Amino acid sequence: MTSLQQDKQNDLLEDLKWRGLIAQTTDEAALAADLKQPITLYLGTDPTAPSIHVGNLVPLLVMRRFQLAGHNPILLVGGATGLVGDPSGRNDERSLNDETVVAQWVNRIKLQLSKFMDFETSNNPAVMANNLDWTAPMSTIEFLRDIGKHFSVNQMLNKDSVSSRLEKDGISYTEFSYQVLQSMDYLELFRRSNCTLQIGGSDQWGNITAGLDLIRRAEGGSAHALTVPLLTKADGTKFGKTAGGSVWLDPEMTSPYAFFQYWLNSDDADVIKFIKTFSFKSRSEIEELEKRHSENPGAREAHRELARELTSLVHSPEIAQRVEVAARALFGQADLAELDEATLASAIAELPRTTVSSQDELPTWVDLLAATGVVESKSAARRIVKESGAYLNNEKVPSEDFRLEKSHFLCGKYALLRKGKRDLAAVELIS
RNA sequence: GGCGGGUUGCCCGAGCGGCCAAUGGGAGGGGACUGUAAAUCCCCCGGCUCUGCCUUCGAAGGUUCAAAUCCUUCACCCGCCA
């Protein structure tokens, strides 16, 4: 090993700590010692939706930091556990998803996860795994004799994810068993790949340590756990959620424009924490940004950097560039009439939009806004006008029955609808 | 299997025959102030062909001039007993 690599590995835990990315670990000194050599570690993600969201990104990027430091990452997708449902962090029973649906989600999520890790490097390429591969073939008898025998129900009941549910509406046997399945994964990867570290969100602590117990009982082996804190926001609302739901990585589910805007609109009080969590900038770069941010938060330099870096990472640098230019063009400062058609077209491409035919009588502003899907109903659109939050090409819409005219279309083609300060949509006029 | 309690709008939760599109809180939305922040204050928050009309209070029937509110059946959830 080169001395450079050695430095990197020694710095890893320190760097994670500084970034606030460690909630809990098993014996930290022992972990630090083990990390002096490349180790194999894994992160599991269950397919509970067709896409992962920004919350899933937190431990995923920690995995990336481990790979950059020379360790061997295994990304596990929960083809089996996703069929069962993790009770952790939930106060009610999940509804079961259809097997074929979960299988589709597994494939989509694999694809998404793979973007964040290097599978090609000769040193320590990332590996993908699916726990369905070893869970599905196992018989009930094997499960009960070889695995179940190592679990004490008393201990299982004491896990927070179970006990909190027992105090409320109860828990099914299915979800109660979840911790056993996840433990089997860790055991399997320990045996197969000498995987000795599992990473997860802090709600996974119970499931991970259950795995450590299983490894000890079944193999007499020892391994580590490292959890990442649940990311919180200063205003107490959930990280990664907007009015419309989660912020997804799939561009069909959350447009890159909306993705960029999510970060750009971060609370001042959160932005540095987010940068530490997600950014691959160096410590000194981040400290410099933090200084500039506290001197002049209104300039939003840190916000902008965060939005750029993450949109580049998740989508692409080209897309990041495009949505930023679009936002600049559309956000008020510039006179819309002065934008050339190409700029306008590419900016509008990022927005929710609808089309109207120039043959027909042009609809009202209310009808059009509803058609773009920015509001749920025409009543909602009317309310916006009534409350004077409605704009057409940055000019206030005067009345509920305000109808568009041909002259409103910039370059003869596009009209920009706005609801409130920052919710934009577009109308395209087609012949 | 028996007995009891419950199922109300995005969430929590009042209402318990007419005054109910349904109190209150949270979330969400618009405005003012700002910086496409936060906090604060004001307003809104089922739908529509919108001074009126239509559809909602687990589902389906019924009683009544009138039901979220009463009755019947069904479904699901929770508790206690077997």
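By convention in this document, chain letters (A, B, ...) are assigned in the order of the sequence lines, proteins followed by strands, and residues within each chain are numbered from 1. Since we're looking at a predicted model, the values are computed, not measured.
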J.: Enumerate the residues from residues 285-302 of chain A whose closest heavy atom to RNA chain B is under 4.0 Å, giving them by residue number; use none for an empty result.
T.: A/P297, A/G298, A/R300
J.: Check every strand shown and say whether A/D268 touches a base, only sugar-phosphate, or nothing at a heavy-atom separation below 4.0 Å.
T.: base
J.: Contact class for A/L264 vs. all strands (heavy atom < 4.0 Å): base, sugar-phosphate, or nothing?
T.: base
J.: Look at all strands and tell whether A/E400 reaches a base, only sugar-phosphate, or nothing, counting heavy atoms closer than 4.0 Å.
T.: nothing
J.: Take atom C1' in B/G9 and the same atom in B/A22, then report the distance between them in whole Å.
T.: 9 Å
J.: Distances for protein N/O vs nucleotides 41-47 of chain B N/O pairs under 3.5 angstrom?
T.:
unit_1, atom_1, unit_2, atom_2, d
B/C44, O4', A/E387, OE2, 3.2
B/C44, O2', A/E387, OE2, 3.3
B/G47, OP1, A/S377, OG, 2.8
B/G47, OP2, A/R383, NH2, 2.7

J.: Does A/K17 come within less than 4.0 Å of A/E28, counting only side-chain N to carboxylate O?
T.: yes
J.: Pick the nucleotide of RNA chain B nearest each of A/K396 and A/N265; which residue has the one closer to the 5' end?
T.: A/K396
J.: Under 4.0 Å between a side-chain nitrogen and a carboxylate oxygen: does that hold for A/E287 and A/R283?
T.: yes
J.: Any carboxylate oxygen within less than 4.0 angstrom of a Lys/Arg side-chain nitrogen, looking at A/K233 and A/D267?
T.: no
J.: Should the pair A/R304 and A/F260 be classed as cation-pi, given the thresholds of under 6.0 Å to the six-membered ring centre and 45° from the axis?
T.: no
J.: Compare the minimum distances between each of B/A39, B/U36, B/G29 and the side chain of A/D235, then state the nucleotide with the smallest one.
T.: B/A39
J.: Here's a test for you: under side-chain hydrogen bond (donor to acceptor under 3.5 Å, both in side chains), which of A/D86, A/T227, A/T209 qualifies with A/Q204?
T.: A/D86
J.: Is the shortest distance from a Lys or Arg side-chain nitrogen in A/R108 or A/D250 to a carboxylate oxygen in the other one below 4.0 Å?
T.: yes
J.: Between B/U36, B/G30, B/C33, spot the one nearest the side chain of A/K421, thanks.
T.: B/C33
J.: Look at the side-chain N and O atoms of A/R422 and state whether any lies under 4.0 Å from the OP1 or OP2 oxygen of B/A37.
T.: yes
J.: Quick one: are the ring centres of A/W263 and A/F278 less than 6.0 Å apart?
T.: yes
J.: Hey, is A/E305 close enough to A/R308 for a salt bridge, meaning N to O under 4.0 Å?
T.: yes
J.: Looking at A/E387 and A/R383, is any side-chain nitrogen of the basic one under 4.0 Å from a carboxylate oxygen of the acidic one?
T.: no
